[in-house]
Each structure stands twice: as C-alpha cells, then as structure tokens.
> 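Below is a structure I'd like to ask you about.
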Amino acid sequence: MNSPISSPVPRPAEFQAHIYNSFLQGKTSDVALRICASWHAIYKFHRVVLIQAEFFRHLFTGGFVESEGSDSTPGSHITSRPIEVVFDDTNITRPAFELCVARLYGGGPPLFVDPAIIPTPAHPLTPSFPSPLPPSQVPPGYQRATPRFLLSLLAVSLYLSMPSLTAQALSSVLSTIGPFTVIDYLRFAYGEGIGSLQDEDLDPLVGLEHIAQLVETEQADCTSPSNGSSKPAQDKVVERFSQGLEALSVEEQVHSSQGGSIHGEGLPLEKEDPAELSPELDCPTSLSDESESDLSFSYGAVSDKIGEACVCWLARWGADMLAYELQAAGTSKQTASFIPISTPPRAIGRRSTVSGWQSPDPDVVPSPPPSVPLIWRRGGLTAVWVRALVSSDLLFVKGEKERYDLAKAVVELRRSAGILEDEEVEWTKMFTEGIYYANMSFDDLVHVSHDRSPTTGRLYVPERVIQGAHWTQSMLRHRIVGPPPSSPPASPTGASGHKELGISVSQEDIKEALSHPENEENRVYWSVPGPSSMRVGEYGGVENASMDELFGLSSVSSKRRTPGPSSMSVSNFFGLKNDRCSATESASGISSGSTRWVPYPPCRFAVEFWDVGSLREKSHLYSQTIWYAGSLFNVFVQMFRKKSQGPQLGVYLHRQSSVDPIPPLSVPYRPCPTEALADKKSHARHSSSPSSLTLLPTYPTQYSYSGLPMIPSPRSNTPVQGSSSNSSLSGGALPATGPPVIPTQPYRDPRAQVSAYFAISCASATGSSVTRFTSNPDDFSISQSWGWRSSSLRTEVYGDGDKCTDPSSVPSLLADVNSMRVTVIVGVV
C-alpha cells in the first residue's frame, strides 16, 4: 500500500516574513493611500492586511467608493488614483502611524522606553529625578518611544481601532508617569493633545525609512476626508473602546490574592470588628462648570484612565514637588516654614523616598537641583487645576492648617511671576471653599483671620468665612456635649445620648428647607458615602487585555447604582473634586449618588508608615493621633500572613481611648551620624542600645505641608494597649517608632459609642494609583477599629513578592524601602 505523498506546510512565521518583506519592498501591493496629516505621503499597502484594523475594514468593505473594484493598469494591482485619507486628529504623527501599519503586517521595530523615565518602588520619582540623566543609548533596530510618541501611538491605534496596540500604548503611558511627564499626560487627558508640531513627529519609523513617498504640501491638495476615511465608523469604535475601558476604570475592584481577571469578582475585604464588609460600588458623578472646556481631542474612557493616574500621582507627590519648585524659584528663605520638615539629612544613610538630594546642615537651604519640572508654577497646572488639587480629599497633607500653608505657598509662587485676574478669581474660590476651616483650632483661625498676602496686602481668607467656620465649630460642639461644661469629663461614659447626633439630612429635607425664602441656597453639605472599594489610576494586566475586555462592557459596570458616564472624568477633575456641594446641588442629586447629607465638613488628615514589610504578624504600626469632634482617632496597619491567601495588609481607623497611653507613631529609621559613617563600608547593622541610635528624618518623605513631626529621639518603650507586640529600636529592629504626639482636646465626646463614616485612600508605591475604601456610618466604641485587609493592597504598596528589605543589608547606602502614604476622611452623623 502506497503511503500518501505529503508536502511541507509553510510555517506561519515564514508567511508573515514574506508578507512583511513584500510591504517593505513595495511588491504586489493592491492599494495606495495618500495620507494628509501633519505630513503628506503616499503608501502602498495590501488590503487583506489592512482590514485587520476596523477602520480599514469599514473603509474597504463598508460600501464606500473605496470598496469598489479597482481601476488598474495592465500588470499592476494598484488603483490608478491613490485613496485620500485625511487625519484631522493632530495627535497623529508619522512614526506612530507607520508603527501601527507595521504591526498589522506582523513586523516593525520593538519599542525602547528609556528606563530613566520609568518610576519604580526603589525610585518612585524615576531614576532621573531631580537631576535628569542623559538619554539612554537606543539598541540598534529599536524605536525610541518618548512620552510624546506613546501618546501619538495611543491616538493612532484608537483611530484605526487596533486594541492590542492601544493596550500596549496605554500601559506604557501609565507606567511612565513621573515628575517630567505628568503635566503633559494630564493635558492630553483633558483634551489639549500632544502640543505643537515637533521635528520628531515627521521622522520615519526605524526600519521603514523608504516606504513613504513624500508629497510636497503644495501638491498634496488634501480636501475634506473622503468617504473612505469613514469618520462615523471611527467615532463608533472609539465609543466602544471607551465603554470597555470605563468598565476597567475606577470601579475595577482589587482582585484577591488567589488570582482573577483584571476586573475580577471583587475585593476580599475583612472588617476588623464585628463583621465582614460587603463592598458595594457607589461612585457618584458630579459636575463642575469650571472644568468644562471645548475638548478638541477626547478619547473617552482612555483619556479618563490617564487622567485618573495623573491626579493620583499629583495628590501623592504634589507637596514634595512644591518644595523643589520653591527652592528653584528662590523663595525658600522667605517661606522657611514651607521647607519640608524632613529636611536633608545630616549624614548619608537610609535613602529618601524621593532622591539623594542632601545637605550636610538642615539649617542651610540646599541649592536647587539642576532641573525642576513645572507643576505648581505658571506653565504647569492651570489655576483651575491648582484649585482642584489643593481642595482634593486625596492630597497628601496632614490637616487643614497644612493645606492652607500649601495653598499660600502656591499662590505667592504664582504671584511672583505677575498677577493675573483670572487666577485671582480661582485663588479666592480656593481659599473660600477648598479648605475646611471648621476643622482648625481656634488659635489657627485667629492666625488665618489676620494673615495677609505680602504681594497684594489683602487677606487670603474673607472674614465672613472664618466667622462661619467658628460658628460651625460651636454648633457641632453643642450637638455633641450640649452647653460647655466647666471641665471635661475624665472619660467618656455610655449614659449620654445616642450613637448618632441626628445631624444628617435627606434630599427631601434639603428641598423642604430650600422652599422657605429665609434659607440661603448657598448653604453647603457633604455627602455621606456608602460602602465601596475601588482602585483609581493604573492597573496591571492592561497590556494583555483581550478584545472583549477593551471593547465590551464587563460585569463590573453593571454593579453601578446610577447609569451614566464614568465618575472619574474631566468634569470632576478625574476624581479630585471633593464632596462639598451647595444646597441646590445636593437637593438636585447632580453632584453625588448619595441620599444622605451632613452640614458639617469631615475631618481630612494624612498619615505615613515606614518599613511596613518588616512588621511582625498581628503587630500594629500606628500613625499620629488626631482629635476630631470630641474623639481621638489614629490609623494603624497590620500584616497578615496566611498560607491559603498569602500575605495581606490591613489598614484600620481606630478610635483611641482618651485615658489610655497614646501609641508610638511610625517614623523612618536612620542610624545616627557616627554609626552611619562607621557602617559605610560594612553596611551591617550592629546591635546597640536605644541611646546609641538617633532617628533623623529623611528628605522629603515628610514635609511641613503634611505636618508630620520630626523625631530627634528614640521611641518610647511604653506598652501600647491593643498591640500584640511593639517595634523597638533596640538592636536596630524595624519598623521604627517614635514617641507619640498628644493632640490638644478642646472637649471630649461623652458617648461610649459614636457613629461615623470614613474613607481610607492608600497610594501605590509610585503614586500613580490609589486603592480607596469607603464605609457608611459605623459604630465606634472606645478602642474599636474598622478597616480592611487585602493582599492586593500590599502588592500596590510594595510590589510583587514577599521580600522585606533591610536598609543595611543591600550593597548600597540607598535601601530599597518605601513609605506607605494614606489619606483619611472621617465624619460624624
């Protein structure tokens, strides 16, 4: 029996190489496109390859003139007249377009993103900050992918509808957000595009220098887009992509440590006591007339995703950047109180989370770094965006007084370059509405009421605003304790009042109040949130997103209570806008999905933890303690290591007892100068007594705007009630703690239980994403805590792996350690 004769089957790689070579050599092409954009050229392509992109599929198979039979000359398959395609999007550049086409052919050069612009947990502000590094050498055959190129690639791939390339470009943009890129990315997100034409926009793609037949501008004679440009089809595919990205956007829940898709089944959260939280997504959509603009280049949810990541970065690093900009502007001496509290260390030791910019004497203002990006200064953020950032709940500052100090520094920095009337309007609104003076101490209110600008001579804050804040303080105190007692009680008791103060109102109540002419429509309220969990900004896995994930709606979006556009959009500054609303806005429901409101602003504060990875299981690491509405609160983190789920990180809001000792707070570890110099060669941490160690601040992990104290002495060994174990500096143990700072208590809430809502926002190591948890009002007994734990939260803060790095165990004085920054809001009801 004869065996069948077999012939070798062509390998896919061989066929792909054949097609790509035909493209490079211009062989057997059957269509020519005349591109009319920032450059004008004629390209020879193959229809069967181009129709992989939905734009070209509509062009050639959608019933347009271009889909009809070609008028070919003998011996040629190319139409006698090229098809004219006009790209009216000025973000589309030649090298980005040519890369998209090359990828359709299965070729094109690999992209090279300079490592100097990629932030990492070890270098959260990129290795090139504050001193820019020279551009890295591009490997032969690679295409340099600058931030501008990446944005253009995103625009072209969206225009042509190429989801895999769009995902790659978006992932690269999100992974390169840093000091020198964040403003350009933010401008792109809210519609300004990549800016004016530059020489690199006209350069050919590496390896494709000869495929374009350039046409002189005078000869191009490009008119309006032909039918083949299929503009309606392009708008349709962009809309589909936006819907898909919206589903993966701010409502994406953090997946469990056991794995799951990038928009998985939810966040495995556990409340400390008494029951497990069941998170329910409730992302309000609020409108801001100030932020509305005629967006020339909006890419829907894709733009929103970039905007989210940018504002997360600005919220985490904004105050740090301001310190650099003040020094660059030469105003540090005049505003000494604004120099970061974590001044440059006296000796080299553990690295700063920002840079190695150091000075031998903290009393001497260091010289400005070689290059400081424009962020707060004119030419960076617009005045409208400055106001939104300063007013945001996400901004990392200790409290309202520090927020006010930061706002003053920014305003005077801008005024030093000249006074602009449109900016002054924004500054007035920022000082009037963006700072919650009711949560300042009376001494701070007195100071602010007399504080005048050295530039204009005018008060920063109108007197009526300070008077209103004092009245709000007094009314809240009256609701909590009644008439002021002669002396505060020794400790809270359970015999006074109910858990709720009865200060919350519904939309119907607000509408009823507005119906009476004596009620002013400009009375303000703050929404009471519901339980939710969300991750804002960048996310992992986008580069592997499938067609369905990018273009289709996922199950996550169906969990939203209120249908509509993404809650993180340019209309609310990509999530920066706080929950302060006028009575009219609250009654109409246009600013939030909340149905419960309070007339008192919540307390906003920020905390920072160091060396959380060194925390022993079930031990607590505490923040500073704050006073609000008659109660003491602090935040602590706790590490859980379960074999079934892997390591988890918990973050909790704790109502501190007013009679128990205040727990020591987390501080950065640094050996004293003599020890640091002695260990410079060995880098080995020696066992020593607490008296031989001194805690010195690192620059600028803490700063005056955050108000976190500088700790010059060893931590207290006072036991902390509620902690299973305490960290100690003895023997160089991590994490380090310092003596507590006891806050002033104007009065005490006599109730044993208080009902309070709260939100905890944890920034990622590099700052371009935030994991945010919110809770509806919970009952806080004395020494009770509420919060969440998640393996994903730990990964967000420290990256992959379960490695705890000892600052002295690495072969460098710059240890691979980072702090965990958390912003908190808490409000009583």
Side-chain angles (χ1 to χ4, degrees), residues 20 37-39 53 87 89-120 123 125-129 132-160 162-189 193-209 211-212 297 299 302-303 305-306 309-310 313 373 538 540-545 550 766 768:
Y20 186 60
S38 59
W39 82 108
F87 290 138
D89 187 342
T90 58
N91 293 324
I92 295 178
T93 62
R94 178 183 176 183
F97 170 76
E98 291 179 352
L99 180 66
C100 287
V101 174
R103 290 293 189 263
L104 290 176
Y105 279 90
L111 299 182
F112 175 79
V113 179
D114 196 332
I117 66 171
I118 301 177
T120 64
H123 300 281
L125 291 179
T126 72
S128 63
F129 184 84
L133 302 175
S136 301
Q137 186 68 31
V138 181
Y142 280 67
Q143 171 70 32
R144 180 181 290 278
T146 63
R148 183 181 181 87
F149 174 86
L150 293 174
L151 292 176
S152 180
L153 181 61
L154 187 64
V156 180
S157 60
L158 267 173
Y159 201 105
L160 301 181
M162 298 176 61
S164 61
L165 201 52
T166 299
Q168 179 187 358
L170 179 60
S171 178
S172 297
V173 168
L174 296 178
S175 65
T176 53
I177 295 176
F180 297 102
T181 61
V182 63
I183 296 300
D184 288 338
Y185 285 166
L186 181 62
R187 287 171 177 164
F188 180 87
I194 63 176
S196 58
L197 185 67
Q198 297 184 7
D199 290 341
E200 66 179 273
D201 302 336
L202 305 177
D203 292 336
L205 190 71
V206 172
L208 275 69
E209 291 83 0
I211 67 166
F297 308 104
Y299 302 97
V302 181
S303 296
K305 175 58 66 176
I306 297 174
C310 289
W313 191 96
E538 69 170 340
V542 62
E543 66 277 1
N544 297 319
L550 291 177
T766 59
S768 57

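One is the number of the first residue; the rest follow in order along the sequence. Basis for what follows: all heavy atoms, side chains included, without hydrogens, waters or symmetry-related copies.
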> Below 4.5 Å, heavy atoms only, C-beta onward: do S38 and T90 meet side chain to side chain?
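Contact flag for S38/T90 side chains = no.
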> Shortest non-hydrogen contact from L205 to P109?
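Residues L205 and P109, closest heavy atoms: CD2-CD, 3.5 Å.
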> Is the closest side-chain heavy-atom distance between W39 and L197 below 4.5 Å?
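No - every pair of side-chain heavy atoms lies 4.5 Å or more apart.
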> Under 4.5 Å between any side-chain heavy atoms of L165 and C100, yes or no?
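Result yes, sub-4.5 Å side-chain heavy-atom pair found.
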> Does CZ in F112 sit with more than 12 non-hydrogen atoms of other residues, nucleotides or ligands closer than 6.0 Å?
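Yes - once you tally the heavy atoms of other residues, nucleotides and ligands closer than 6.0 Å, there are more than 12.
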> Is there a side-chain contact between T181 and W313 in this structure, where contact means two heavy atoms from C-beta onward sitting under 4.5 Å apart?
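The answer is no; the side chains never approach within 4.5 Å.
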> What distance do L208 atom CG and R94 atom CZ have between them, rounded to the nearest 0.5 Å?
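The CG atom of L208 sits 9.0 Å away from the CZ atom of R94.
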> Using modelled atom types and a 3.5 Å cut-off, is there a donor and acceptor pairing between side-chain atoms of S152 and backbone atoms of N91?
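Looks like yes, one N/O pair under 3.5 Å.
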> Which heavy atom of S768 sits nearest to which heavy atom of L174, and what is that distance?
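In terms of heavy atoms, the two residues are closest at OG-O, 4.2 Å.
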> What pair of heavy atoms forms the shortest contact from Y20 to G108, and how long is it?
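Smallest heavy-atom distance, with atoms named: OH-N, 3.1 Å.
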> Take a 6.0 Å sphere around CD of Q137 and say whether it holds more than 12 heavy atoms from other residues, nucleotides or ligands.
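No, the 6.0 Å shell around CD holds no more than 12 heavy atoms from other groups.
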> Side chain of T166, backbone of M162: donor and acceptor closer than 3.5 Å?
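Pair found, side chain donor or acceptor close to backbone of M162.
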> Given the rule in the side chain to side chain contact (heavy atoms under 4.5 Å, CB included) test, do T766 and T120 qualify, once you have shown the distances and angles that lead to the verdict?
CA-CA 6 Å; T766 59; T120 64; 5.6 Å; no
> Quick one: pull up CD1 in I194 and CG in D89 and give me the separation to the nearest 0.5 Å.
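Interatomic distance, I194 CD1 to D89 CG, rounded to 0.5 Å: 8.5 Å.
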> Could you measure the distance from the CZ atom of R187 to the CD1 atom of I306? Nearest 0.5 Å is fine.
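R187 atom CZ to I306 atom CD1 measures 15.0 Å (nearest 0.5 Å).
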> Identify the heavy atoms of P119 and I177 that sit nearest to each other, and give their distance.
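The pair with the smallest heavy-atom distance is CG-O, 3.4 Å.
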> Kindly say whether the aromatic ring centers of F87 and F97 come within a distance under 6.0 Å.
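Aromatic pair counts; centres sit under 6.0 Å.
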> If I take atom CZ from residue R103 and atom OG from residue S157, how far apart are they, to the nearest 0.5 angstrom?
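Going from CZ on R103 over to OG on S157, the span is 11.5 Å.
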> Kindly say whether V206 contributes a backbone atom to a donor-acceptor pair with the side chain of Q143 at under 3.5 angstrom?
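Present.
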> With distance as the sole criterion, is a donor-acceptor pair present between the side chains of D114 and S136 under 3.5 Å?
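Per modelled atom types, D114 and S136 side chains form a pair under 3.5 Å.
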> Is I118 close to T126 at the side-chain level, that is, under 4.5 Å between some pair of heavy atoms?
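In short, these two side chains do not touch, never coming nearer than 4.5 Å.
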> Looking only at atom types and distance, does a side-chain atom of D201 sit under 3.5 Å from a main-chain N or O of Q198, one as donor and one as acceptor?
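It does hold such a pair.
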> Step by step, work out the side chain to side chain contact (heavy atoms under 4.5 Å, CB included) result for Q168 and L111.
CA-CA 10 Å; Q168 179 187 358; L111 299 182; 3.8 Å; yes
> Hey, are the side chains of I92 and Y159 touching, using non-hydrogen atoms and a 4.5 Å cut-off?
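Yes, at least one pair of side-chain atoms sits under 4.5 Å.
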> Grab the two heavy atoms, one from P373 and one from P179, that are nearest each other, plus how far apart they are.
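Where P373 meets P179 most closely, the heavy atoms are CB-O, 3.2 Å.
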> Quick one: pull up CD1 in I183 and SG in C310 and give me the separation to the nearest 0.5 Å.
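Result: 8.0 Å between the selected atoms.
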> For the residue pair D184 and L151, what are the closest heavy atoms and their distance?
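Heavy atoms only, the tightest pair is O-CD1, 4.4 Å.
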> Just say parallel, tilted or perpendicular for the rings of F188 and Y299, cut-offs at 30° and 60°.
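The rings of F188 and Y299 lie parallel, inter-plane angle below 30°.
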> How long is the gap from OG1 on T146 to CD on E200, to the nearest 0.5 Å?
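Spacing of OG1 (T146) from CD (E200) equals 4.0 Å.
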> Do R144 and P135 touch side chain to side chain, with heavy atoms closer than 4.5 Å?
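R144 reaches P135 side chain to side chain.
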